[in-house]
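Values below: all heavy atoms of this structure, side chains included; hydrogens, waters and symmetry mates excluded.
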Amino acid sequence: MLITELKSKETILSLTEGKKVFIINCHGCREVYFPLEEAAALQEEMIAAGQVTGIVTTDYICNRENLEVRLNGHREEIDAADLVLVFSCGVGVQTVAAFLDGKTVCAACDTSRLPGFQGVTPLEYDCGQCGECYLNLTGGICPITACSKSLVNGQCGGAKNGKCEVDPNMDCGWERIYRRLEKIGRLDAMKCPTQIRNFATDKEV
């Protein structure tokens, strides 16, 4: 089980300030917890400011086929946006980022664990549910799950030919992050101060 919490209003506004935004709401897991009222209030402010090019509200955007069907009718609105703001768990954000390969995709939420059954649905992406989502700094690729060492401050230096030194069958997560940031013109994100993971946000620690 998981709990999805809205990032601080200041954090979200710092991402969207002066930008046109397309919003995706995922309600697939809201029976566990989704900050519905808080998200709606923030989105109303952005609509009033004339920032929003369009909004899609659906369920289980972690299912790529479902996501594609839902977004195909909004291509013009997505193209008109400077970034796509996703209100979902980390898996949903990663699915959107991979689908909209050339677009900046940002997470509006953090995802934390709750004790209990996690489900067995096979998904292409994984969310560490660490309570401190890094996807806005890493181009929509999770460094916790895409890196065998869960490094949040860059590549370890052990990769060879783009493959992880721990698992040679696995692509180096930080090389993937670099290529993604390069593609969307966000290599400036690599210049952020070293990220120190706050383990206090992990509810199971």
Report yes if the side chains of [X] and [Y] come closer than 4.5 Å at any heavy-atom pair, otherwise no.
X: Phe22; Y: Lys103; result: no
X: Thr57; Y: His27; result: yes
X: Gln155; Y: Ile177; result: no
X: Leu135; Y: Val105; result: no
X: Val93; Y: Ser88; result: yes
X: Met46; Y: Leu85; result: yes
X: Thr95; Y: Ile61; result: no
X: Thr104; Y: Lys19; result: no

Between side-chain atoms of residues 181-190 and protein atoms elsewhere (two or more places apart, or another chain), which donor-acceptor pairs fall under 3.5 Å?
from   : atom 1 : to     : atom 2 : distance (Å)
Lys183 : NZ     : Asp101 : OD2    : 2.3
Arg186 : NE     : Asp188 : OD1    : 3.3

Look up atom [atom1] in [X] and atom [atom2] in [Y], then write down how far apart they are to the nearest 0.5 Å.
X: Cys130; Y: Ile144; atom1: SG; atom2: CD1; result: 5.0 Å
X: Leu67; Y: Arg70; atom1: CG; atom2: CZ; result: 10.0 Å
X: Leu83; Y: Lys20; atom1: CG; atom2: NZ; result: 12.0 Å
X: Ile23; Y: Gln43; atom1: CD1; atom2: CD; result: 4.0 Å
X: Trp174; Y: Lys149; atom1: CH2; atom2: NZ; result: 13.5 Å
X: Cys26; Y: Asn66; atom1: SG; atom2: CG; result: 8.5 Å

| field | Any donor-acceptor N/O pair, Thr145 side chain to Asp126 backbone, under 3.5 Å | value |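 Side chain of Thr145 to backbone of Asp126, a donor-acceptor pair under 3.5 Å: yes, one is there.
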In a table with atom names and distances, give each donor-acceptor pair under 3.5 Å that connects a side chain of residues 6-13 to protein atoms at least two apart or in another chain.
from : atom 1 : to     : atom 2 : distance (Å)
Lys7 : NZ     : Asp110 : OD1    : 2.7
Lys7 : NZ     : Cys133 : O      : 3.2
Ser8 : OG     : Thr11  : N      : 3.1
Ser8 : OG     : Thr11  : OG1    : 2.7
Lys9 : NZ     : Glu45  : OE1    : 3.0
Lys9 : NZ     : Glu45  : OE2    : 2.9

Please check if [X] and [Y] belong to a single hydrophobic cluster, counting links between Ile, Leu, Val, Met, Phe, Trp and Tyr side chain heavy atoms closer than 4.5 Å.
X: Ile55; Y: Leu42; answer: yes
X: Leu15; Y: Val84; answer: no
X: Val52; Y: Leu36; answer: yes

On a heavy-atom basis, which atom in [X] and which in [Y] lie closest, and how many Å separate them?
X: Cys147; Y: Leu151; result: SG-N, 3.5 Å
X: Glu175; Y: Ala159; result: OE2-CB, 3.9 Å
X: Gly158; Y: Cys156; result: N-SG, 3.2 Å
X: Phe34; Y: Phe87; result: CE1-O, 3.3 Å
X: Ser112; Y: Glu5; result: OG-OE1, 3.6 Å
X: Pro35; Y: Thr4; result: CD-O, 3.1 Å

| said: Tell me which one of Arg176, Arg180, Lys163, Lys160 satisfies salt bridge (charged side-chain N to carboxylate O under 4.0 Å, His left out) with Asp171. | reply: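 When salt bridge (charged side-chain N to carboxylate O under 4.0 Å, His left out) is applied between Asp171 and each of Arg176, Arg180, Lys163, Lys160, only Lys163 qualifies.
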| said: Please enumerate all residues that pass side chain to side chain contact (heavy atoms under 4.5 Å, CB included) together with Asn72, with sequence neighbours excluded. | reply: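 Side chain to side chain contact (heavy atoms under 4.5 Å, CB included) list for Asn72, sorted by chain: Glu68, Arg75, Phe99.
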| Thr111 vs Val91, side chain to side chain contact (heavy atoms under 4.5 Å, CB included): CA-CA, chis, key distance, verdict | CA-CA 10 Å; Thr111 308; Val91 175; over 6 Å; no
